[in-house]
Amino acid sequence: MKSTDKLSQKIKQLFVILLPILVTQLAMFAMNFFDTFMSGHVSAKDLAGVAIGTSIWIPIQTGLSGILFSVTPMVAQLVGAGRKEEIPFKVVQALYLAVGVSAAVLLAGAFALNPILENMNLEEPVRRIARLFLISIAFGILPLFLYTVLRCFIDALGHTKVTMFITLLSLPVNGGLNYVLIYGKMGLPALGGAGTGVASAITYWVIFLVALAVAARMQPFAAFGIFRKLYRVSLSVWKELLKMGVPIGFAILFETSIFAAVTLLMSNFNTVTIAAHQAAINFASFLYMIPLSISLSLTILVGFEAGAGRYKDARQYGYLGIGLAVGMSLLCAVVLWLFNEQVAGIYTREPDVLALTQHFLVYAIFFQLSDAIAAPIQGALRGYKDVNVTFIVALVSYWVVGLPVGYGLANYTDFGAYGYWIGLISGLALGAFGLFARLASVQRKARLGLAAFAK
């Protein structure tokens, strides 16, 4: 990764970093899509069970992985500042931290899983599928978190194509295992929706082992010698990682968990409503991969420029990313409006589920417009190592505003299940406004030389 001066060069550099990240995110999303798509073609109960299981798992996955995302701005700023010799020690500490986080999740899950599911108003087959899904995917928690650290290290060096190829390798593994385990092929029992959890856990082990080999043997990563020395645990580095990572992780957790909370609250409606909601949320998540990928790219680019003290370049990258995300969201909105029925038909053949999914997808248009502003700004702020305000904005906009508004509309008006979606849109819009104001403040301080972001 190198410094660029001209705007055209910055645009080119943005796309060089962005496109492999986008492919990577789409490939990661494809795993979840395969889960939803294949489960939906078994039965509505299987789709609903996977929906409930996913709604519990995704906030855990994204929120705690988000803590480890602190590796990206940390490494990017060290590279920008010319302090590469510090990188191996800090990456190894992040791997230790990933092991600790994994152990904590497994311990908490052992005590909390059954009480959570038993207190939900679910049909017994749906509850059983959700439980088996979560137990199965738990075996993939450790490799997933370790892979997250290695991916952040590789991406922060600007080699996003490498993680793209690693993730693409996982697709045939995940798709093939889903087919075999869900439908009972090759002499194995048909596990239905629960088979997606087993397939995902195995896939997480595959991508971790491949990333491990790449980091140890492929240049330029091998030159850092990450695994040449067995370092002791450094609580000071853990503190540094957590100081930046916890606000990142909790900001992501607040955003993803509100979607999970809505899906869980949807359990008060019938199975058809749960299935339709899950299908629409799944496609909205697919569209979210675009602003999310831009966000991850901006963390690398802004972090690199801020680490080198080039705040004007960092600011330009931020606005380029936001503009690109908004433009893409408008294009996606047109496509979703025109092909509403076709998109819903991807997920189900059942007429009732199909019709309800189409209605939910209309609300998804407004979702992704707010995401197009909020997500890139979050990435830019992480590049500056400014994470605490993002955490507060996420808490207020989603949980103080979004969920209460949605609950009120869903339970005390004629909007019904759609009320939750209106609440989500309100929270996302408020969050986008708050984050934009924070980015403007951070950039102004940088221009005035009042913030030493390169530390």
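- Between Y418 and F360, the ring centre distance stays below 6.0 Å.
- A heavy-atom distance below 4.5 Å is not found between the side chains of P404 and W399.
- To the nearest 0.5 Å, atom CG of residue L324 and atom CD1 of residue I11 are 9.5 Å apart.
- Across all their heavy atoms, I300 and A156 have their closest contact at CG2-O, 4.2 Å.
- Note on ring orientation: taking the six-membered ring where Trp is involved, the planes of W57 and Y204 are tilted (angle from 30° to 60°).
- Residue D371 comes nearest to P376 through the heavy atom pair O-CD, 3.7 Å, listed as atom of the first residue, atom of the second, then distance.
- Between L265 and L403, the closest side-chain pair of non-hydrogen atoms falls below 4.5 Å.
- Of all heavy-atom pairs spanning Q443 and Y319, the tightest one is OE1-OH, 2.9 Å.
- The closest donor-acceptor contact from the side chain of Y147 to the backbone of V206 lies at 3.5 Å or more, if one exists at all.
- Judged purely by atom type and a 3.5 angstrom limit, S441 has no side-chain atom pairing as donor or acceptor with the backbone of A437.
- The main-chain N or O of L296 is never found under 3.5 Å from a side-chain atom of Q378 such that the two would form a donor-acceptor pair.
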Kindly determine whether Y96 and V237 satisfy side-chain contact (heavy atoms from CB on, under 4.5 Å), including the steps that lead there. CA-CA 11 Å; Y96 292 162; V237 177; over 6 Å; no
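- In this structure, S70 contributes its side chain and M244 its backbone to no donor-acceptor pair below 3.5 Å.
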Let's go through L18 and V16 carefully: what are the C-alpha distance in whole Å and the side-chain angles of both, what is the deciding distance for side-chain contact (heavy atoms from CB on, under 4.5 Å) to 0.1 Å, and is it a yes or a no? CA-CA 6 Å; L18 168 63; V16 166; over 6 Å; no
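- A donor-acceptor distance shorter than 3.5 angstrom exists from the side chain of S295 to the backbone of A375, with no hydrogens or angles considered.
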Given ring pair (Phe, Tyr, Trp, His ring centres under 6.0 Å), test F415 with Y420 step by step and report yes or no. CA-CA 9 Å; F415 283 108; Y420 284 117; over 10 Å; no
Take V393 and R438, measure what side-chain contact (heavy atoms from CB on, under 4.5 Å) needs, and give me the verdict at the end. CA-CA 9 Å; V393 168; R438 179 59 181 174; 5.8 Å; no
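- Contact check for W421 versus F366: no side-chain heavy atoms found under the 4.5 Å cut-off.
- Under a 3.5 Å cut-off, the side chain of T24 and the backbone N or O of M164 do form a donor-acceptor pair.
- From Y317, atom OH reaches atom CZ of R310 across 9.0 Å, with rounding to the nearest 0.5 Å.
- Between Y363 atom OH and L424 atom CG the span is 12.0 Å, to the nearest 0.5 Å.
- A side-chain donor-acceptor contact under 3.5 Å links T148 to the backbone of L144.
- The shortest heavy-atom contact between L361 and A344 is CD1-N, 3.9 Å.
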Go through R83 and E86 one step at a time and tell me if the salt bridge (charged side-chain N to carboxylate O under 4.0 Å, His left out) criterion holds. CA-CA 6 Å; R83 294 155 53 194; E86 299 177 31; 3.0 Å; yes
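- Counting heavy atoms from C-beta outward, I248 and T390 have side chains that stay 4.5 Å or more apart.
- Taking the six-membered ring where tryptophan is involved, the planes of F208 and W205 are perpendicular, since the angle between them exceeds 60° and thus also 30°.
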Go through the steps to decide whether E305 and K312 satisfy the test salt bridge (charged side-chain N to carboxylate O under 4.0 Å, His left out), and finish with yes or no. CA-CA 9 Å; E305 300 295 348; K312 178 181 177 182; over 6 Å; no
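- At least one side-chain heavy atom of I87 sits under 4.5 Å from a side-chain heavy atom of V79.
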Worked verdict on R382 versus T72 for side-chain contact (heavy atoms from CB on, under 4.5 Å): CA-CA 9 Å; R382 288 171 197 155; T72 300; over 6 Å; no
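- One finds the OG atom of S297 at 10.0 Å from the CZ atom of F15 (value rounded to the nearest 0.5 Å).
- The shortest distance between side-chain heavy atoms of V362 and W337 falls below 4.5 Å.
- At a threshold of 4.5 Å between non-hydrogen side-chain atoms, the residues L369 and V326 do not count as touching.
- Expressed to the nearest 0.5 Å, how far CG of L171 lies from OG1 of T203 amounts to 9.0 Å.
- Nearest heavy atoms, C332 versus I290: SG-CD1, 3.8 Å.
- Between V71 and M74, the closest side-chain pair of non-hydrogen atoms is not below 4.5 Å.
- With rounding to the nearest 0.5 Å, the separation of CG in L22 from OG1 in T160 is 10.5 Å.
- Using a distance-only test at 3.5 Å, with no hydrogens or angles considered, no donor-acceptor pair links the side chain of S170 to the main chain of I207.
- Here the side chain of Q368 pairs a donor or acceptor atom with the backbone of S329 at under 3.5 angstrom.
- Nearest heavy atom pair, residue A280 against residue T357, reads N-CG2, 4.2 Å.
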